[in-house]
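One structure below.
Since this is a predicted model, take the numbers as computed values, not measurements. So you know, we letter chains A, B, ... as the sequences are listed, proteins then strands, and number each from 1.
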Protein chains: 12
Amino acid sequence: MTAVRSTLPDEARRVSCEALQDTLVDLLGLSLIGKQAHWNIVGPRFRSIHLQLDEVVSAARNFADTVAERSAALGVPPDGRPETVAKAFTLPAPKEGWVRDSDAVQVMVESLQDAIGRLRERIDATEKADLVTQDLLIGITAELEKQRWMFDAENVPGEG
Amino acid sequence: MTAVRSTLPDEARRVSCEALQDTLVDLLGLSLIGKQAHWNIVGPRFRSIHLQLDEVVSAARNFADTVAERSAALGVPPDGRPETVAKAFTLPAPKEGWVRDSDAVQVMVESLQDAIGRLRERIDATEKADLVTQDLLIGITAELEKQRWMFDAENVPGEG
Amino acid sequence: MTAVRSTLPDEARRVSCEALQDTLVDLLGLSLIGKQAHWNIVGPRFRSIHLQLDEVVSAARNFADTVAERSAALGVPPDGRPETVAKAFTLPAPKEGWVRDSDAVQVMVESLQDAIGRLRERIDATEKADLVTQDLLIGITAELEKQRWMFDAENVPGEG
Amino acid sequence: MTAVRSTLPDEARRVSCEALQDTLVDLLGLSLIGKQAHWNIVGPRFRSIHLQLDEVVSAARNFADTVAERSAALGVPPDGRPETVAKAFTLPAPKEGWVRDSDAVQVMVESLQDAIGRLRERIDATEKADLVTQDLLIGITAELEKQRWMFDAENVPGEG
Amino acid sequence: MTAVRSTLPDEARRVSCEALQDTLVDLLGLSLIGKQAHWNIVGPRFRSIHLQLDEVVSAARNFADTVAERSAALGVPPDGRPETVAKAFTLPAPKEGWVRDSDAVQVMVESLQDAIGRLRERIDATEKADLVTQDLLIGITAELEKQRWMFDAENVPGEG
Amino acid sequence: MTAVRSTLPDEARRVSCEALQDTLVDLLGLSLIGKQAHWNIVGPRFRSIHLQLDEVVSAARNFADTVAERSAALGVPPDGRPETVAKAFTLPAPKEGWVRDSDAVQVMVESLQDAIGRLRERIDATEKADLVTQDLLIGITAELEKQRWMFDAENVPGEG
Amino acid sequence: MTAVRSTLPDEARRVSCEALQDTLVDLLGLSLIGKQAHWNIVGPRFRSIHLQLDEVVSAARNFADTVAERSAALGVPPDGRPETVAKAFTLPAPKEGWVRDSDAVQVMVESLQDAIGRLRERIDATEKADLVTQDLLIGITAELEKQRWMFDAENVPGEG
Amino acid sequence: MTAVRSTLPDEARRVSCEALQDTLVDLLGLSLIGKQAHWNIVGPRFRSIHLQLDEVVSAARNFADTVAERSAALGVPPDGRPETVAKAFTLPAPKEGWVRDSDAVQVMVESLQDAIGRLRERIDATEKADLVTQDLLIGITAELEKQRWMFDAENVPGEG
Amino acid sequence: MTAVRSTLPDEARRVSCEALQDTLVDLLGLSLIGKQAHWNIVGPRFRSIHLQLDEVVSAARNFADTVAERSAALGVPPDGRPETVAKAFTLPAPKEGWVRDSDAVQVMVESLQDAIGRLRERIDATEKADLVTQDLLIGITAELEKQRWMFDAENVPGEG
Amino acid sequence: MTAVRSTLPDEARRVSCEALQDTLVDLLGLSLIGKQAHWNIVGPRFRSIHLQLDEVVSAARNFADTVAERSAALGVPPDGRPETVAKAFTLPAPKEGWVRDSDAVQVMVESLQDAIGRLRERIDATEKADLVTQDLLIGITAELEKQRWMFDAENVPGEG
Amino acid sequence: MTAVRSTLPDEARRVSCEALQDTLVDLLGLSLIGKQAHWNIVGPRFRSIHLQLDEVVSAARNFADTVAERSAALGVPPDGRPETVAKAFTLPAPKEGWVRDSDAVQVMVESLQDAIGRLRERIDATEKADLVTQDLLIGITAELEKQRWMFDAENVPGEG
Amino acid sequence: MTAVRSTLPDEARRVSCEALQDTLVDLLGLSLIGKQAHWNIVGPRFRSIHLQLDEVVSAARNFADTVAERSAALGVPPDGRPETVAKAFTLPAPKEGWVRDSDAVQVMVESLQDAIGRLRERIDATEKADLVTQDLLIGITAELEKQRWMFDAENVPGEG
């Protein structure tokens, strides 16, 4: 069933929607591990990081929605089912159980860092295929780089 | 690391937090498959069901947060990581690709129906263990039964 | 036409939905007689009671909606048609014509008192049938008892 | 007890308040049967009509309040008690039990159609008695004609 | 200086703007004496009437603005200067000094009653001159009659 | 296809809907030329008139929606397509290119003046046909006369 | 009838409430003449000054309320009746009829200037009597001096 | 009269403003035909599509404003007058009279499809001329592609 | 532990913080006894006084926060623990049990009267020590005098 | 004076209102010591804990209001006067003077832990007496357990 | 201390952050001189330009925040200290003292014109270095070009 | 050009406006260095202090606006240009580059401390010149002393 027609030629659609599907997995994964850390964090910075993690989750959820709907708009059904996310998600994540605050900060820096690296490759890949998709990926990268900086700045140790 | 102490005796805590962890998986799964259907639905009722699915997702996300934080409050770290959800989630879900509107309605009726059946077992199971947890599960059941009804009513075929 | 399936066994559904239907009639009736008093009240406390009555009406309308939708969610169509309400509604009510403020207060105390007595019986009746329905009835009772107290406190005569 | 004096001569008051009382019954009845359909509707258009019906209910409730208070302002106590509404309400209404979506639409078209016909007679009747009352009835008619159109447009069958 | 041209013929403009100017004085006067009572009221119903008076003032101020701007729109400059209001305002008003609550209610009933009587004459007078102006006066009358009723209902003595 | 039935007799419907269709064209035209002036205005009063023009546009758009939906409610499909507006719109309008602020004010005075003249004729024409439609036209005239006055007052030259 | 007791000794109360009564008259007068100018202003700066005048009116009304209630709180009934304002108000004011924009600006500068001069005398007069009243007068002066500056800045002529 | 200077060289300005003017016409046309369909739609999906069409209109109006103001900002006066829109608008549009819901969906898919095709050409055309204008056109395309998808998904027929 | 340094010299700090600590106790006490009366009031003015008391409580809580934080800002830790408030609070208060409405009004007049008398002494005491603290106390006095007046006005008996 | 009648039998009322009175004291005490810590906290986590404490205070105040009004609704006047709270409040609390941030966290964990233990006993005690009161206590416990967890998680020491 | 790591290679980071630092200085400078003109403007267009200048300030402040945080996110600490801004800011600015309205408009046109020229160079410079930074600069340029146009349009002289 | 006349005698104006100009520089400087620290802060307390600094910036900006407009209102043009601020600003400030969180806290304590000392001198200086200006300075001091306390409390080291 080819339900929704595309406004892009086949190859451009393939490249764009592959980038969008991969981004969707990264964002849904980030929203789940962000919540995981939000719930399990312990330590003297609990409240501060607990709240900060919810801002990452909120951004990731909103971007995931936009990214999935853009794929649909280009004629390719996005896939965000639990098993798809679990299989394809490869960013660093907190382990099971309580998470010390400094570990939560560290894992978010690493996870966002990797997500950004992958997004920058997709920005290059979509340049020729679809400037509209590229522009969306640029906007997501801007926000994730801001979030990464704030965890990174928080990660600088206090004075000995 | 036993980070957070419990306000419940060991056995009551075990029973309550098992019920909460199972509910967490169901709710996170529902939020993912609700979005999957929200993005991939096609058919003459697209807009109406597209919007209705987002209300399920919103309810599922909020309840998931409450359920996970209650588990933490009782001293057991909740687990909502992608691989945990994928492994433990067993409710009916839409398949990959575009989803016809009538199929989306049908799968939500079934998925919510099963989720409610499992919640009602947990309401019984937590009666002795923790009335506070039970009350939370009762509230979730009320909302999911309302959502299930609305999809079920929508599911009644029109006149021939 | 059995349009909406139930998540409860037959007997539990029967007991719950009977309690819900009776509550629906009481609440719709309360919303009508609350407005009747709101419009026809006269006397030195006009404005104060006029406003207070609208809070009862607003609460009764919202609860009526929840109660009726819960019955539908359990698979039994609720009945709130004018003739049904008129036939089944038995709580004390203001007479036709202008209502003195002290009479309005008195009739609301009595009407709410009776409504509460009937709700408390239904709380007992639904304990085994459906804890979700029971919890809803408990919430309604809490609010009506608060409203009843406020009219009752208002009802204490001033100093001679 | 003649509690509230009138700003109109006797005959003008009688004509105006009769029109207002009849309108009050129609509006309270519409608000009850609109809710009845809102709760019991089933079929593929459930969500869309379910929401539309609540807009009728909301309009009917607000107009009922205005109409009743205008009657009081003119010195005649309005009567909106359950038995009065049941006895005097004669507009078409949904039957007991589940209501198919197409039937709900049809009954609302008819009920609003009749209500409008009666309102237009009262607009004529109050022209000489009280332009302020007439203006209120004109405003109600405008809104009910808009609601009627929307159900009527919804009522046009789809392509064979 | 004839600054603003009229959209009405001369006689229609004269009739309409005379009605508007007289209404402006009544409304500005009502807003001043409403505040006077709001500030000086004493007695067991202080708070209730104090708040009610501010609703009259707010309505009077908003209508005064509309009425004055309509006169300007018709090409006749409105006059709401202190000396004009003082000279032309003839409605009953509270005396200097503290005002007992029952006296405040009584004077508002009388003042609104007179204002309404004068408005109804202007509604007749403008029927031929300008239906737009007439419609505005009808709307003001509806609101003042509602306010008058509420004070009149409040004015009914309690039980002996 | 006679999709929506009318609540008016044929002749009354014809007269009313003709008045509504003509008003629709005037309002859609006003909204387009108001924006045209909003974008192209230059001169020392740029900001002040630029903002004022947007208020005309906003009013015109809202009234156009109401007018068109009233025609549909009376059973006659309204026509607001680009070619219809272009053909039937005859009010004064700004020329192509930059518009000096004083010219923008002048053209709005003239355009609103003409629109009001035409509305007043339709108010007369619909008096017998449909008081509900007439009341809507009266409300539009009140607002446009207010807007016209404000541009006309702005149009009075400063001191030499 | 000495209804409300004072928290100040007799002489302090007399001085404070005299200052408050005089301020009340100035503020009510300002609110009336500000509206007078708001309605009757004409000229190329119509919209800008029309809006600015409403800010003066709004400030004057709010301060008048505070000032009158403070007098009541100190045990002296304030007097804001039309005839009192007309008799006691002596600040410069616009004449009857249309007001050129530059004249409106000029009269507001003068009227606010005089009001400020009188307020500064009352600030001195209340220093010993009541610091709470003085603080209120200081706050009013700050706002009126800001308003005066804005009209004065607007009053500087453009380049020749 | 060259009123507003440009921040772009002549050729870049010419290319950019041509793209903007063409886009302006498409968007104003879309806003008019979207409303046309919004008013005239009939059929079982009336309410759902009626609301969806208003979202297209709202987006088209906001983008039209941005596009026209960007042209002005680049020194070229935009042209959105009725006759210009009527002459230059070439996208598919609903015919006169009632529009069946399925036809409304179909014509919106086609009209948005064509608008998108034209926008993508302008994105290429402005790449060298002005990246700021190109970025604006990219944003408009993203939104229109989302709207097109939603109508297209709605357009998939239900099960036989 | 001298945790927070002061911006005031020692003696000025001592005087200011003593005034602030005494004010803190009065305000916390007022907030507790205001709530006590709010809950236990009975009589025909129940609703009116019940609401008025909550405004006193709200003001007292906000001022208490400001007063305590100012003391901390000046380097002296405030003390608002239950035993401190109980020991130091000496204003008139309602007795245990139900409180007749007229008694509630009377006790609030007396309690606010005493609180104001004590505040006025502290305004004098802090004049030399710290004008910033004095200004805060002046603001609190203004509000409490307003509250006192409203209860006092309410306290004037009705007509015999 | 038995002002307000009860909807519960005597023994049930005694048990319920005892539980409510004890809860009221705990909540008022928590609101006072929460503010005490909010004002006096010092240390590197000042801002984070300062804000968190205000959330406890806000929750405690709202629950105290509900609890006290429920007691009144059941016919027993609640007692929240300063001396009652001081005498009956026994939960751990911060000492006089500045409070180190880690001490503030520790004392809140202990105080909430004790409050929860006491609430759980009352949940058992009211099960037979009044399910409505029990449900209220369950809701309070859920919130306090959440607050306790957040302080406890914050209490886990950082890495050595 | 290299506190925050970069997601860009060294050269790309250097180019991007130089562009960001220069933009930061321009924006902070614009926010300061915009306020300077906002405070010191005099002349017949005072109010209109006074308000318009605040919109420039608001935009400049928000963009400055985004630009500085992007530099930090890329690993280079931004510098917005007073001496840095004073040294590096070179855009045209108002002189000390009162500023005639026409001069304020003129200086804003020139200052925004220069700022835009510099931004367009940085858009070119960052194309290869970082598309995310480029996209941010494009967004800022769009807004400043809109602001420049509005001052430029305002700058066109009125008719002689 | 002496554009705006003063409401103060020359010497009083000189003293007041000197105090206002010096305060303006301190506040604009604080807003710039607050942002500088907001952007460059690193360390485990990043998020908490990052947010707190924005509250200082927001307060400083709002007070700067009030202070500058007061100077204009008194007839002296304020000077907030970049070079003026850079030259006259002498409060402690963060150095270039990343700022450790503890250093950011320390520098804010010192900078606010100095600003407060200078404000207190100006409060004395303006006592005779202008009580309105003094009152404004008192209000600013209250807020800055609160901000200083919060940084100072945050500055107390944790337990060793």
Side-chain angles (χ1 to χ4, degrees), chain C residues 16 19 23 26 30 52 55-56 59 63 66 91-92 102 105-160, chain J residues 1-21 23-24 27 59 61-81 119-120 122-143:
Chain C
S16 300
T23 305
D26 284 0
L30 274 172
Q52 190 172 352
E55 294 176 20
V56 176
F63 282 135
T66 309
L91 301 176
S102 48
V105 170
Q106 179 63 31
V107 83
M108 289 314 293
V109 171
E110 288 169 16
S111 199
L112 288 164
Q113 178 89 19
D114 286 12
I116 291 159
R118 292 156 61 87
L119 273 163
R120 286 194 165 274
E121 286 169 20
R122 290 173 208 136
I123 290 173
D124 291 348
T126 51
E127 171 117 40
K128 290 229 173 107
D130 182 21
L131 287 177
V132 182
T133 295
Q134 190 199 37
D135 192 59
L136 170 55
L137 299 175
I138 286 172
I140 297 171
T141 307
E143 176 64 22
L144 295 198
E145 289 186 330
K146 186 183 163 190
Q147 295 289 342
R148 198 207 66 85
W149 150 59
M150 291 198 290
F151 284 105
D152 204 9
E154 182 104 22
N155 208 17
V156 172
E159 284 172 294
Chain J
M1 175 174 53
T2 306
V4 178
R5 278 158 300 163
S6 187
T7 52
L8 285 185
D10 282 11
E11 178 59 12
R13 183 187 55 189
R14 194 193 56 72
V15 169
S16 299
C17 292
E18 207 174 284
L20 290 164
Q21 173 63 31
T23 305
L24 176 61
L27 290 167
R61 282 177 175 173
N62 289 339
F63 282 134
D65 209 50
T66 308
V67 155
E69 297 196 341
R70 172 121 201 101
S71 181
L74 293 180
V76 175
D79 188 352
R81 295 168 303 151
L119 273 163
R120 288 196 164 272
R122 290 174 208 137
I123 290 173
D124 291 347
T126 52
E127 171 117 40
K128 292 228 174 107
D130 182 21
L131 286 176
V132 183
T133 296
Q134 189 200 36
D135 192 59
L136 170 55
L137 299 174
I138 284 171
I140 298 171
T141 306
E143 176 65 21

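With hydrogens and angles ignored, the 3.5 Å screen pairs a side-chain donor or acceptor of J/Ser71 with a backbone N or O of J/Val76.
Of the atoms belonging to C/Ile138, heavy atoms from both backbone and side chain fall under 4.5 Å from chain J. Proximity to chain C is limited to the side chain of J/Leu74, based on heavy atoms less than 4.5 angstrom apart. Only the side chain of C/Glu127 comes within less than 4.5 Å of a heavy atom of chain J; its backbone N, CA, C and O stay farther away. Neither the backbone nor the side chain of J/Thr133 comes within contact range of chain C; no heavy atoms are under 4.5 Å apart. Only the side chain of C/Gln113 comes within less than 4.5 Å of a heavy atom in chain J; its backbone stays farther off.
Between C/Asp114 and C/Arg148, no side-chain nitrogen of the basic residue sits less than 4.0 Å from a carboxylate oxygen of the acidic one, so the salt-bridge criterion is not met. A salt bridge links J/Arg14 with J/Glu11; the closest basic N to acidic carboxylate O contact falls under 4.0 Å. C/Arg120 and C/Glu145 are joined by a salt bridge, as a carboxylate oxygen and a charged side-chain nitrogen come within less than 4.0 angstrom of each other.
For the options J/Leu136, J/Thr7, J/Asp135, heavy-atom pairs under 4.5 Å to chain C are most numerous at J/Thr7.
Residues J/Asp79 and J/Gln21 bring no donor and acceptor atom of their side chains to less than 3.5 Å of each other.
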